[in-house]
There are 2 protein chains.
Amino acid sequence: MRPGGSPTLDEVARVAGVSRATASRAINGGQRVSAHAQSSVDAAVRSLGYVPNPAARSLVTRRTDSIAVVVPEPDDRVFSDPFFARTLRGVNRVLGEVDIQLVLLLARPGASSERTLRYLTNRHVDGAIVVSHHRDDGLAEQLMRLDLPCVFGGRPWSGGDRVTYVDIDNTAGEREATQVLIDRGCQRIGTIAGPSDMTAAEDRLAGWRQAMSAAGLRDDALEHGDFTEDGGQRAAEALMAAHPDLDGLVVASDLMASGALKVLAASGRRVPDDVAVVGYDDLGVAERTTPALTTVRQPVEEMTERATRLLLEQIDGRSAGRPMRVIIPPTLIRRDSA
Amino acid sequence: MRPGGSPTLDEVARVAGVSRATASRAINGGQRVSAHAQSSVDAAVRSLGYVPNPAARSLVTRRTDSIAVVVPEPDDRVFSDPFFARTLRGVNRVLGEVDIQLVLLLARPGASSERTLRYLTNRHVDGAIVVSHHRDDGLAEQLMRLDLPCVFGGRPWSGGDRVTYVDIDNTAGEREATQVLIDRGCQRIGTIAGPSDMTAAEDRLAGWRQAMSAAGLRDDALEHGDFTEDGGQRAAEALMAAHPDLDGLVVASDLMASGALKVLAASGRRVPDDVAVVGYDDLGVAERTTPALTTVRQPVEEMTERATRLLLEQIDGRSAGRPMRVIIPPTLIRRDSA
DNA sequence: GGAAGTTGTGAGAGCGCTTCCACGGAGATG
DNA sequence: CATCTCCGTGGAAGCGCTCTCACAACTTCC
């Protein structure tokens with residue numbers, strides 16, 4: 001190892017007996033390079049242990065070969081939800097194929113979201129994937145103003161027609177879930193919906209409404225939770241107090257359903273005999289509750305995988321700039337709670 | 001916006017009526033800059049919406065203002081474990097205070113671990129945090145050869161004395177957990193240990209052995225699992241078949257304990273009356289099993305938070321290059337299973 | 001009152017890389 | 001045989017930034 005640190009392109013060129021320009025060409029795909037030059041550059045690279053300096057490269061190419069995953073959520077929620085881990089897995093699966101790295105941007109609302117935006121403005125990354133965004137974060141608009149390649153995981157609140165996104169068909173999923181209860185003969189079906197500032201929650205609620213009205217049932221037994229277990233518990237208590245005659249419960253997330261199951265058990269109601277319950281997500285919680293939850297599986301990894309591919313296309317300029325929309329159907333998973 | 005793209009330092013300098021050098025100084029902390037120059041640079045920056053180009057900057061400073069979190073695990077395991085999400089949270093909490101970004105490096109063993117190493121070699125990041133590493137990945141050695149600032153989360157298999165790491169006192173934790181069963185009068189205590197290529201698993205096993213021998217109990221009822229629920233289930237089946245007289249079970253992870261509980265329930269054994277069970281982790285699973293698990297809480301976030309701070313010190317050259325070691329005590333959490 | 005610091009400033013030299021451009025030589029074309 | 005094309009090559013111009021260094025303009029000190 002020479003004193004100055006790692007070897008530079010200059011040294012590679014010198015060792016290979018070619019110019020820096022030729023060495024550079026040989027290293028980057030080898031267009032217009034003779035077989036002889038190519039092989040001597042290859043040898044020099046190997047013997048020197050040369051690795052190109054990414055900063056220098058990206059200074060001139062204006063590419064960083066990294067993309068950001070932006071999670072505009074308070075830390076706590078993000079991390080307690082397996083949704084998040086799956087998301088990263090989906091992204092990484094695609095990135096494993098190309099030579100692009102993942103930068104994780106957790107934007108707590110407020111001060112640090114400004115910093116996140118600055119980071120993206122910087123062109124520190126070639127593109128961004130935004131997941132799990134709320135109504136009021138305004139991120140969609142701000143990102144579009146940057147004209148940074150960008151794909152949303154989950155339908156954004158606004159600008160949905162001018163932005164590329166991949167979503168799961170939450171409405172269809174919850175419709176199907178509700179139908180399970182209808183089919184098993186439930187007469188009085190309530191729902192615990194998610195926070196109304198998230199599109200996924202609103203879409204699921206709409207699905208419940210659709211199924212209920214199609215079956216000619218009343219859709220007035222409704223309570224909102226916050227997608228946490230405790231929230232589900234509180235919502236279930238309120239709901240059962242207001243409507244003690246419920247015999248079916250459609251819950252917008254498994255975690256909330258888990259809380260609801262506790263309430264039902266505590267009040268001596270048997271599941272599914274007295275009250276049948278369906279959850280949503282199937283991201284690891286549903287099979288561990290007592291009884292195991294019938295639920296709707298969200299193909300989260302598939303969603304983010306698709307989102308990532310769309311982003312890469314956008315970065316490469318292959319997508320002609322028109323906003324795409326991909327909607328993935330969810331799958332019903334039958335277990336014991338309904 | 002001028003045609004060329006985003007504004008450069010040159011333009012800021014021109015607008016502010018100073019030289020590029022002065023503008024640079026004003027932007028970076030403002031040492032040796034007159035109040036007047038400072039304010040006119042500030043104004044120029046604001047009016048132009050200037051953001052420094054990170055590639056250009058890091059080309060000369062040789063800093064990237066980002067650190068890597070290296071996870072040398074097959075995807076699946078990493079993501080199903082809440083450990084991972086907590087880790088990221090710990091890191092991010094610290095990084096939120098300084099202006100440093102997190103690059104996530106998931107190194108699937110084999111081909112891509114070579115790529116990961118290349119990425120680190122590149123000095124694409126200023127330092128690395130390595131978590132959840134197995135015996136054979138040899139990452140410790142390779143990283144040390146790079147002399148890249150680097151901190152391990154969890155004691156590495158080798159080089160433990162030449163490398164900085166933060167660990168949780170797994171031995172003490174499992175000793176305490178075992179003691180709970182001993183104190184409640186269990187006579188025949190078995191254990192389901194983790195994979196023997198992970199230091200955390202081995203340390204916990206050692207803790208069990210210590211407590212057992214201190215109490216004068218036989219430590220021969222042992223089975224290994226793989227830290228998954230299914231693995232725990234299989235291990236529990238084998239263990240109960242070989243030692244039907246067990247009245248206490250020390251399980252090295254809550255997920256495995258959850259599998260074990262199913263086996264016990266299926267065989268008609270009551271928990272904790274017939275068999276008392278303690279888990280390990282308390283990362284969200286323990287409170288959801290039936291019965292809720294008495295377990296040992298791993299302060300994962302604290303661990304990675306500390307690791308991150310140590311890394312930052314190393315990067316800043318504040319740590320004098322000597323390898324530090326931080327050991328965090330775990331906490332016993334009492335619930336219903338023992 | 002001259003020597004010795006102190007402070008703010010700008011010119012300019014790179015950091016390591018890609019890429020434009022000009023050029024010589026080889027092969028194809030008339 | 002002159003001309004046109006194409007290919008491989010190296011010289012050189014930057015990409016946008018930081019930072020050393022020299023310099024002028026002040027203080028401060030003996």
Side-chain angles (χ1 to χ4, degrees), chain A residues 1-42 44-45 48-66 99 118 121-124 126, chain B residues 1-42 44-45 48-66 99 118 121-124 126:
Chain A
M1 177 83 71
R2 62 172 201 45
S6 27
T8 72
L9 187 59
D10 258 319
E11 301 176 55
V12 172
R14 202 176 314 136
V15 170
V18 298
S19 74
R20 204 171 59 237
T22 302
S24 174
R25 263 177 244 124
I27 287 165
N28 301 297
Q31 300 288 17
R32 295 215 185 308
V33 176
S34 67
H36 177 256
Q38 179 74 55
S39 70
S40 52
V41 169
D42 287 348
V45 165
L48 261 49
Y50 171 75
V51 234
N53 178 321
R57 174 178 279 176
S58 93
L59 180 56
V60 36
T61 59
R62 273 129 202 301
R63 297 246 318 200
T64 64
D65 294 319
S66 63
D99 229 332
R118 207 177 62 223
T121 315
N122 262 349
R123 307 242 138 215
H124 220 312
D126 297 336
Chain B
M1 178 81 73
R2 63 172 196 47
S6 26
T8 72
L9 187 58
D10 259 320
E11 299 175 58
V12 172
R14 200 177 314 135
V15 170
V18 298
S19 73
R20 204 171 58 238
T22 302
S24 175
R25 261 177 247 124
I27 287 166
N28 301 294
Q31 299 288 16
R32 296 217 183 305
V33 176
S34 68
H36 177 256
Q38 178 73 56
S39 69
S40 53
V41 170
D42 287 348
V45 165
L48 259 50
Y50 171 75
V51 233
N53 178 321
R57 173 178 278 176
S58 93
L59 180 57
V60 36
T61 58
R62 274 131 201 301
R63 296 247 317 199
T64 64
D65 294 320
S66 63
D99 228 331
R118 205 177 64 224
T121 314
N122 262 351
R123 308 240 137 216
H124 219 311
D126 296 336

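Per chain, numbering begins at 1; letters A, B, ... match sequence-line order.
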Between A:V18 and B:D10, the residue closer to the 5' end of DNA chain D by nearest nucleotide is A:V18
With distance as the sole criterion, is a donor-acceptor pair present between the side chains of A:T22 and A:S19 under 3.5 Å?
-> yes
Side-chain H-bond candidate by donor/acceptor type, A:N53 with B:R62, under 3.5 Å | no
Counting side-chain heavy atoms from CB outward, which of C:dC15, D:dC17, C:dT18 is closest to B:A56?
-> D:dC17
Rounding to an integer number of Å, can you tell me how far [X] [atom1] sits from [N] [atom2]?
X: B:N53; N: D:dG14; atom1: CG; atom2: P; answer: 18 Å
X: B:R57; N: D:dC15; atom1: CZ; atom2: P; answer: 19 Å
X: B:R14; N: D:dC17; atom1: CZ; atom2: P; answer: 12 Å
X: A:L59; N: D:dT18; atom1: CG; atom2: P; answer: 12 Å
X: B:H124; N: C:dC17; atom1: NE2; atom2: P; answer: 13 Å
X: B:R62; N: D:dC17; atom1: CZ; atom2: P; answer: 18 Å
X: B:L9; N: C:dC15; atom1: CG; atom2: P; answer: 19 Å
X: A:D65; N: C:dT18; atom1: CG; atom2: P; answer: 11 Å

Which one of B:V33, B:V41, B:V12 satisfies the side chain to side chain contact (heavy atoms under 4.5 Å, CB included) criterion with B:V18?
-> B:V41
Contact class for B:A55 (heavy atom, under 4.0 Å): base, sugar-phosphate, or nothing?
-> nothing
Which part of the nucleic acid, if any, lies within reach of B:R32 when heavy atoms closer than 4.0 Å are counted: base, sugar-phosphate only, or nothing?
-> base
All heavy atoms of B:H124 vs all of A:P54, minimum pair found to be NE2-CB, 3.3 Å
List the atom of A:P52, the atom of A:R57, and the distance in Å for their closest heavy-atom pair.
-> CG-NH2, 3.5 Å
With a 4.5 Å limit on heavy-atom distance, are the side chains of A:L9 and A:S24 in contact?
-> yes
Under-4.0 Å side-chain N/O to phosphate OP1/OP2 contact, A:T8 with C:dG16 | no
How long is the gap from OH on A:Y50 to CD1 on A:I27, to the nearest 0.5 Å?
-> 5.0 Å
Output for pair (A:S58 OG, A:D65 CG), nearest 0.5 Å, gives 8.0 Å
Between protein and nucleic acid, restricted to nucleotides 19-23 of chain D and to nitrogen or oxygen atoms under 3.5 Å apart, what atom pairs and distances do you find?
none

Only counting residues at least two apart or in another chain, list the ones meeting side chain to side chain contact (heavy atoms under 4.5 Å, CB included) with A:R14.
-> A:D10, A:E11
Over its full length, what angle do the end axes of the helix from C:dG1-D:dC30 to C:dG30-D:dC1 make, each axis taken from five pairs and the result rounded to 10 degrees?
-> 40°
